[in-house]
2 protein chains.
Amino acid sequence: MSETNDRPYHHGDLRRALIDTALDMLATDQNWAFTLREVARRTGVSHAAPYKHFRDREMLLRELARIGFVRLGENMTEAMSLGLPSTRAQFMAAAQACIGFACQNPGLYRLMFSSDADKTIDPSLHDAAMKTFGILLGLLERGQRDGSFRPVAVSALAAAGWAQVHGLAMLAISHQLLEEKVGSAPVPAALDVLLDGMCCTD
Amino acid sequence: MSETNDRPYHHGDLRRALIDTALDMLATDQNWAFTLREVARRTGVSHAAPYKHFRDREMLLRELARIGFVRLGENMTEAMSLGLPSTRAQFMAAAQACIGFACQNPGLYRLMFSSDADKTIDPSLHDAAMKTFGILLGLLERGQRDGSFRPVAVSALAAAGWAQVHGLAMLAISHQLLEEKVGSAPVPAALDVLLDGMCCTD
DNA sequence: CCTCCATGTTTACAGGAGAAACTTACGCAG
DNA sequence: CTGCGTAAGTTTCTCCTGTAAACATGGAGG
């Protein structure tokens with residue numbers, strides 16, 4: 001990753017380095033007014049160098065968002081592969097993985113769902129988001145087949161599940177899940193309420 | 001709106017005018033890179049005038065967010081006062097009112113939950129958000145008393161309901177509720193799934 | 001009437017986005 | 001090896017933003 005090279009003029013892989021720096025800053029600073037120049041500065045390069053790799057600031061943002069979706073998908077897949085007994089438990093694990101990801105990368109998570117990362121412009125970003133959503137969809141379909149989830153339209157389950165997880169993630173990183181409002185462990189509590197509506201086992 | 005009077009140097013109520021202009025732009029432009037100067041320009045005033053009413057840009061943003069929470073609360077209260085028969089139907093109406101508000105004011109809604117509107121700084125903003133949340137809480141408590149909602153911890157219901165509505169709103173204004181993913185009417189479908197988990201009547 | 005002060009304006013400066021022109025060094029044809 | 005094309009960096013420039021400071025205006029109170 002961080003090759004401590006002494007490249008005097010040509011960096012070698014500036015594109016990757018810029019992305020790494022930006023991801024690092026997005027994870028570090030809670031909310032960061034993203035500036036290309038700051039990224040360039042911390043990467044140790046002139047403020048115009050990034051334009052050789054990204055047409056404009058938003059193109060870098062979209063690439064960062066794309067990577068975010070890929071990583072989020074990896075986290076969720078990993079959580080689902082822990083050998084948990086029930087599909088319900090797997091859903092719970094995947095949801096908590098998603099929310100955990102958001103809390104560990106609040107800036108990146110916000111970016112992924114912000115208007116700065118316009119998915120109508122960049123097909124690869126759109127695909128990445130769609131693919132990550134597909135993980136959720138696959139879990140729900142599997143749950144319906146094995147009788148865990150109710151046989152309603154899977155799209156309804158998907159919308160509900162996705163919205164719930166995304167909503168909890170957004171509220172969490174906005175520090176709005178205060179104990180006085182929603183209790184001490186709102187995430188599993190809320191997910192359990194939703195799962196009661198999704199599952200057959202009442 | 002546009003009073004064609006010749007401003008006698010002193011505007012009269014510039015503070016209000018700036019807020020109105022900004023709210024207008026937040027509703028009009030889907031996603032707008034908020035600039036104080038642009039607000040001043042459209043209000044027909046010098047770019048430094050706003051500083052006589054707001055210490056800095058973020059102070060205006062927080063005030064806008066506060067107003068957003070007040071209006072959102074009004075919308076939700078109104079939706080709940082339509083004389084709908086069941087508490088469940090009232091919840092559904094309030095939720096759809098919230099999501100409708102977000103879709104009609106995407107910029108404002110985003111602002112309300114963005115890190116630009118830091119609720120830890122401004123108590124009145126925090127109070128406004130809390131009060132709007134209280135509307136939801138009140139509905140849930142009432143629903144539990146009348147036997148509509150299950151007698152679990154009300155904070156769990158609150159977290160679930162709030163996250164669901166907020167998640168749907170955010171996904172909707174991010175244009176991520178595509179039919180291919182979540183069907184043609186994802187909002188009521190998702191809310192029904194959640195309500196199945198919240199309500200006693202299965 | 002004159003003077004104070006809230007509310008405006010003008011001017012100034014730092015910092016960011018991005019374009020254009022210039023520079024460096026890697027890779028390749030002869 | 002020499003010379004050159006080109007990708008990748010740098011410098012410089014313009015326009016824009018936030019924000020501070022100094023100045024102007026005009027209504028309210030003595």
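Nothing here was measured: the structure is a model prediction, and the numbers come from that model.
- A heavy-atom distance below 4.0 Å to DNA chain D is reached by none of the residues of residues 14-28 of chain B.
- Applying the salt bridge (Lys or Arg N to Asp or Glu O under 4.0 Å) rule to A:D122 yields no partners; only residues at least two apart in sequence or on another chain are considered.
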Could you write out each protein N or O paired with an N or O of nucleotides 18-21 of chain C at a distance under 3.5 Å?
residue: C:dG18; atom: OP2; partner: A:Y51; partner atom: OH; Å: 3.4
residue: C:dG18; atom: OP2; partner: A:R57; partner atom: N; Å: 2.9

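- Here B:T120 pairs with B:D118 under the side chain to side chain donor-acceptor pair (under 3.5 Å) rule; sequence neighbours left out.
- Counting only residues at least two apart or on different chains, the ring pair (Phe, Tyr, Trp, His ring centres under 6.0 Å) pairs with a member in residues 62-99 of chain A are A:F69-A:F113.
- Across all strands, B:F34 comes closer than 4.0 Å only to sugar-phosphate atoms, never to a base (heavy-atom distances).
- As a whole-Å value, the separation of B:M59 CE from D:dA20 P is 13 Å.
- When heavy atoms are screened at a 4.0 angstrom cut-off, B:T35 is found touching the sugar-phosphate backbone but no base atom.
- By the side chain to side chain donor-acceptor pair (under 3.5 Å) test, A:D192 is found to be paired with A:R88, residues two or more places apart in sequence or in another chain being considered.
- In this structure, A:R62 has no side chain to side chain donor-acceptor pair (under 3.5 Å) partners at least two apart in sequence or on a different chain.
- For the side chain to side chain donor-acceptor pair (under 3.5 Å) test, no residue two or more places apart in sequence or in another chain qualifies with B:S155.
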Would A:R142 and A:Q90 count as a side chain to side chain donor-acceptor pair (under 3.5 Å) here? Give the steps. CA-CA 11 Å; A:R142 184 152 51 79; A:Q90 285 179 26; 3.1 Å; yes
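- Looking at residues 109-125 of chain A, you'll see that no heavy atom sits under 4.0 Å from any atom of DNA chain C.
- Applying the ring-ring contact (aromatic ring centres under 6.0 Å, His included) criterion to B:F34, with sequence neighbours excluded, gives B:W32.
- Remark: A:F133 pairs with A:W162 by the ring-ring contact (aromatic ring centres under 6.0 Å, His included) rule, at least two apart or across chains.
- Remark: B:R16 engages no residue in a salt bridge (Lys or Arg N to Asp or Glu O under 4.0 Å) (not counting sequence neighbours).
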